[in-house]
J.: 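Just passing along the structure, written as C-alpha cells.
Start at 1 and go down the list; that is how both ligands and their atoms are numbered.
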Amino acid sequence: AHNIEQNAREVLQNLFGHADFKDSLQKSAILSAIKGEEDIFVSMPTGAGKSLCYQLPAVMHPGITLVVSPLLALIHDQIKRLRSLGVAVETMNSKQEAGERRRVVDDLCGERPPETKLLYITPELCATENFRQVAQALRVKGRLAYLAVDEAHCVSQWGHDFRPDYLKLGYLRQKIGKAVPLIALTATATKQVMDDIRTCLKWRQPGKIFKQSCFRKNLFYDVMFIDLLDNPYEDLRKFIMKALGPSEKGCGIVYCRTRDACEEVATRLLAKGLTAKAYHAGLKGNMRTVVQDDWMEGRVKVIVATISFGMGVDQSCVRFVAHWTLPQSMAGYYQESGRAGRDGNPAYCRIYHSREERNIIWFLIRKTNGSKKFSLSGKWKAAKSNFEGMVGYCEKPRCRHEAIADYFGDGKPPCEKTCDFCKLPRETANRTERFQSGACG
Ligand code: ADP
Ligand code: MG
Ligand code: ZN
C-alpha cells in the first residue's frame with residue numbers, strides 16, 4: 001500500500017504538477033481506484049478536483065480508460081489540458097470527421113498496443129452500434145482499465161440535469177463486463193440520485209463511496225411557525241439581533257418568494273431600526289448592484305432577497321440566513337442556508353413556515369402539472385417530491401441536521417444541540433403538534 005501511495009505521489013507531482021493531494025478524500029479515492037478492486041463513487045463539490053480521481057489512476061494503468069462526459073465543450077477542455085501534460089488522450093464523438101475517427105479506432109483496436117490512455121466519449125455515442133463494436137473489441141483484447149462516468153447524476157430523473165442518453169450506459173457496462181471498475185463522479189449526490197446511479201450503471205456491490213459530508217457544525221438550524229407567532233416581524237427582528245450579537249458584526253440574508261414580500265419585510269425591519277434593503281429582479285437600473293455592494297461592504301446589515309440573490313456571492317461573515325417563505329426543495333435550502341457561516345464561526349439558519357405559504361406553493365406546483373411538457377418530462381413528479389421533502393423537514397420534529405444528512409444519503413451527524421429539536425426536543429415537538437392541529441398564535 002505504501003508503494004502505491006509513493007508511485008501515485010510521483011505521478012501527481014511529476015506529471016500533473018501538483019505538490020500534494022487536495023485533501024484526504026481525493027487521496028483515498030485515487031488510491032482506491034489504483035487498486036482497482038471495487039467500483040468507486042466520488043461525490044465532491046465543484047472545483048474539488050474530481051477529474052484527477054480517474055485521470056491519475058488512468059495514466060498509471062497499462063490499459064485504456066473510457067471517460068463518459070455529457071458535453072463536447074467539457075471534453076475538449078479536458079483533452080487540451082491532458083495533452084499539454086503529454087498524456088495520450090483521444091475522443092470519439094458524433095461531430096468528428098470519418099478520417100479522424102478511423103485514426104482513433106485504428107490505434108484502439110489495432111494489432112499493436114494502443115498509444116491512447118484515455119478515450120473521451122459522449123453518452124449518445126456509447127449507444128451507437130459502431131462504438132459498441134469498439135468497446136467489445138477492447139474487452140476481448142483485455143485493453144480496458146476503467147469506465148469513468150463524469151457528471152453521473154445525469155442518469156437520474158431526480159437530478160437537476162437528467163439526460164436520457166445516460167441510461168444507455170448500463171448497456172455499455174454490461175458489454176464491457178463488470179470486471180472493469182466503474183468510477184462515477186458527481187457534485188450533486190442526493191440519496192435518490194445515488195440509488196439511480198447504482199441501478200443504472202450496474203454498480204458492483206459493495207463498492208466504495210468517497211463523499212464529502214454535508215454536515216456544517218457551526219450552523220444552528222431551526223423552524224418557526226408563523227401561524228403560532230403573535231408578532232412574526234418582531235420574532236424576525238429578535239432572531240437577527242441575536243445572530244448579529246452585541247457587537248453587531250457581520251450581516252445576513254432574509255429570503256422571500258416574491259418581490260412584494262421582499263419589499264414588505266425590508267420596510268418592516270427598517271421601521272424596527274435595522275438597516276435592511278430589498279433585492280429582486282424588479283429593481284430598476286443599477287439598483288441591484290448598489291444594494292448588493294451596500295450589503296457586501298457592511299452599510300446594510302440585512303438584504304431581503306428573492307433566491308436570485310446569492311449565486312457567486314462571496315461573503316464569509318454571513319451570521320444568519322432566514323427563509324421568510326418555504327424553499328421548494330431540500331437541495332435549494334441546503335445551498336441557500338449554506339451561505340451562512342463560511343468563516344466557520346457560529347451562524348443561524350431559520351425557516352418561517354406557514355400554512356398559507358405551504359398551500360400556495362402546493363397550488364403553484366399542481367398548476368404547472370397542467371402543462372403537458374412539464375408533466376411528461378417527469379419534472380412534475382420531481383417538483384412534487386422535492387417539495388414534500390421540504391414540508392417534511394419543517395413539519396416532522398426531528399434533528400434538522402439529520403434530516404439534511406438523510407436527504408444527501410450521509411450518516412447521522414453529531415448535531416450536539418445545534419438545532420432546535422436537539423436543543424429543546426419537547427418544546428419543538430409541542431410546537432409542531434400545535435401547528436399541525438391548526439392552532440393559531
Ligand atoms: P471538479 O471536477 O471536482 O469540479 P476539477 O477536476 O475540474 O474539479 O479540478 C478543479 C481544479 O483543481 C483544477 O484546476 C485542477 O487542476 C485542480 N486540482 C485538482 N487536484 C489538485 C491537487 N491535488 N492540487 C492542486 N490542484 C488540484
Ligand atoms: Mg468535473
Ligand atoms: Zn439536531
Side-chain angles (χ1 to χ4, degrees), residues 5 8-31 33 40-59 65 67-85 87 89 118 120 148-154 159 161 183-189 210-212 214-223 337 346 348-351 393-394 396-407 410-429 432:
E5 180 170 342
R9 212 174 269 281
E10 263 162 38
V11 177
L12 178 73
Q13 292 169 349
N14 300 339
L15 183 68
F16 289 95
H18 298 313
D20 203 346
F21 296 103
K22 260 217 166 139
D23 50 31
S24 65
L25 201 65
Q26 191 192 44
K27 177 174 139 183
S28 40
I30 287 172
L31 295 185
I40 285 175
F41 181 83
V42 180
S43 161
M44 300 177 191
T46 304
K50 288 185 288 296
S51 320
L52 206 66
C53 298
Y54 66 84
Q55 288 171 349
L56 199 156
V59 299
T65 295
V67 187
V68 180
S69 179
L71 295 172
L72 275 178
L74 291 176
I75 290 180
H76 289 310
D77 248 27
Q78 295 288 341
I79 288 183
K80 221 167 96 187
R81 184 177 299 185
L82 288 167
R83 282 195 178 147
S84 77
L85 302 174
V87 178
V89 48
L118 291 104
Y120 277 82
V149 179
D150 204 4
E151 314 293 345
H153 59 274
C154 295
D161 198 11
I183 305 175
L185 312 109
T186 177
T188 43
F210 299 91
K211 188 168 185 301
Q212 217 159 62
C214 65
F215 178 54
R216 305 256 318 267
K217 68 171 185 304
N218 64 319
L219 301 186
F220 185 94
Y221 277 93
D222 67 5
V223 176
S337 62
Y348 297 81
C349 306
R350 171 173 289 183
I351 293 177
Y393 171 89
C394 295
K396 276 181 206 147
R398 65 179 296 210
C399 173
R400 313 289 176 189
H401 284 289
E402 195 182 345
I404 294 169
D406 259 9
Y407 176 78
D410 283 7
K412 189 175 159 61
C415 173
E416 285 169 13
K417 303 192 180 173
T418 54
C419 83
D420 52 353
F421 180 76
C422 294
K423 197 173 173 197
L424 296 166
R426 198 171 307 157
E427 224 176 287
T428 306
T432 311

J.: Which heavy atom of Ser28 sits nearest a heavy atom of Ser24, and at what distance?
T.: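 So the minimum-distance heavy-atom pair works out to OG-O, 2.7 Å.
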
J.: Which protein heavy atom lies closest to atom 6 (O) of ligand 1, and at what distance to 0.1 Å?
T.: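 Checked against all protein heavy atoms, atom 6 (O) of ligand 1 sits closest to Ser51 OG, 2.5 Å.
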
J.: Among Asp420, Thr418, Thr428, which one satisfies side chain to side chain donor-acceptor pair (under 3.5 Å) with Arg400?
T.: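 Of all the options given, the one that passes is Asp420.
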
J.: Taking 4.0 angstrom as the limit and counting only heavy atoms of Leu52, give me the atoms of ligand 1 inside it, by number and element.
T.: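 The list of qualifying atoms is 20 (N).
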
J.: Any atoms of ligand 1 less than 4.0 Å from a non-hydrogen atom of Phe21? List them with their elements.
T.: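 The atoms of ligand 1 under 4.0 Å from a heavy atom of Phe21 are 23 (N).
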
J.: May I ask you to identify, for Lys22, whether its side chain, its backbone, both or neither come under 4.0 Å of ligand 1 on a heavy-atom basis?
T.: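 Both parts.
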
J.: Just checking: His401, one of its N/O/S atoms, less than 2.8 Å away from the Zn ion (ligand 3), yes or no?
T.: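 So His401 does not bind the Zn ion (ligand 3) by this criterion.
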
J.: Hey, mind stepping through Phe421 and Val223 against side-chain contact (heavy atoms from CB on, under 4.5 Å) and telling me if it holds?
T.: CA-CA 9 Å; Phe421 180 76; Val223 176; over 6 Å; no

J.: Give yes or no for whether the N/O distance cutoff of 3.5 Å, strictly under, is met between Leu12 and ligand 1.
T.: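 In this structure, Leu12 places no N or O atom under 3.5 Å from an N or O of ligand 1.
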
J.: Under 4.0 angstrom from ligand 1, any heavy atom of Met44?
T.: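 No; Met44 lies far enough from ligand 1 that no heavy-atom distance drops under 4.0 Å.
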
J.: Looking only at heavy atoms, which two atoms of Phe21 and Ala8 are closest? And how far apart?
T.: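 Taking Phe21 first and Ala8 second, the nearest heavy atoms are CZ-CB, 4.3 Å.
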
J.: Quick check against the 3.5 Å criterion: does Gln13 have a side-chain atom that pairs as donor or acceptor with the backbone of His18?
T.: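 Absent.
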
J.: Can you name the one residue among Ile183, Leu185, Thr186 that meets side chain to side chain contact (heavy atoms under 4.5 Å, CB included) with Lys50?
T.: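 For Lys50, the side chain to side chain contact (heavy atoms under 4.5 Å, CB included) check succeeds only for Leu185.
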
J.: In the protein, which heavy atom is nearest to atom 25 (C) of ligand 1, and how far is it?
T.: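 Looking at atom 25 (C) of ligand 1, the protein heavy atom closest to it is His18 ND1, 3.3 Å.
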
J.: Please indicate whether any nitrogen or oxygen in Gln26 is less than 3.5 Å from any nitrogen or oxygen in ligand 1.
T.: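 Such a contact does occur with ligand 1.
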
J.: Is it the case that Tyr221 and Ser337 place a side-chain donor and acceptor less than 3.5 Å from each other?
T.: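 Yes.
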
J.: How close does the nearest protein non-hydrogen atom get to atom 4 (O) of ligand 1, and which residue and atom is it?
T.: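 Among all protein heavy atoms, the one nearest atom 4 (O) of ligand 1 is Gly47 N, 2.6 Å.
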
J.: Need the ligand 1 atom indices (1-based, order shown) with element for anything under 4.0 Å from a heavy-atom of Asp20.
T.: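 Matching atoms, with element in brackets: 22 (C), 23 (N), 24 (N).
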
J.: Can you name the closest pair of heavy atoms from Cys214 and Asp410 and give their distance?
T.: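 Closest approach of Cys214 to Asp410, heavy atoms only: N-OD2, 2.8 Å.
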
J.: Hey, which of Leu72, Val67, Asp150 is the one that makes side chain to side chain contact (heavy atoms under 4.5 Å, CB included) with Tyr120?
T.: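 Running side chain to side chain contact (heavy atoms under 4.5 Å, CB included) over Leu72, Val67, Asp150 with Tyr120 returns exactly one hit, Val67.
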
J.: Using a 3.5 Å cut-off on N or O atoms only, is Gly49 in polar contact with ligand 1?
T.: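 Indeed, backbone or side chain, Gly49 has an N or O that close.
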
J.: Of the listed options (Gln55, Gln13, Glu151, Arg81), which comes nearest to atom 16 (O) of ligand 1 when hydrogens are ignored and any heavy atom counts?
T.: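 Ranked by closest heavy atom to atom 16 (O) of ligand 1, first place is Arg81.
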
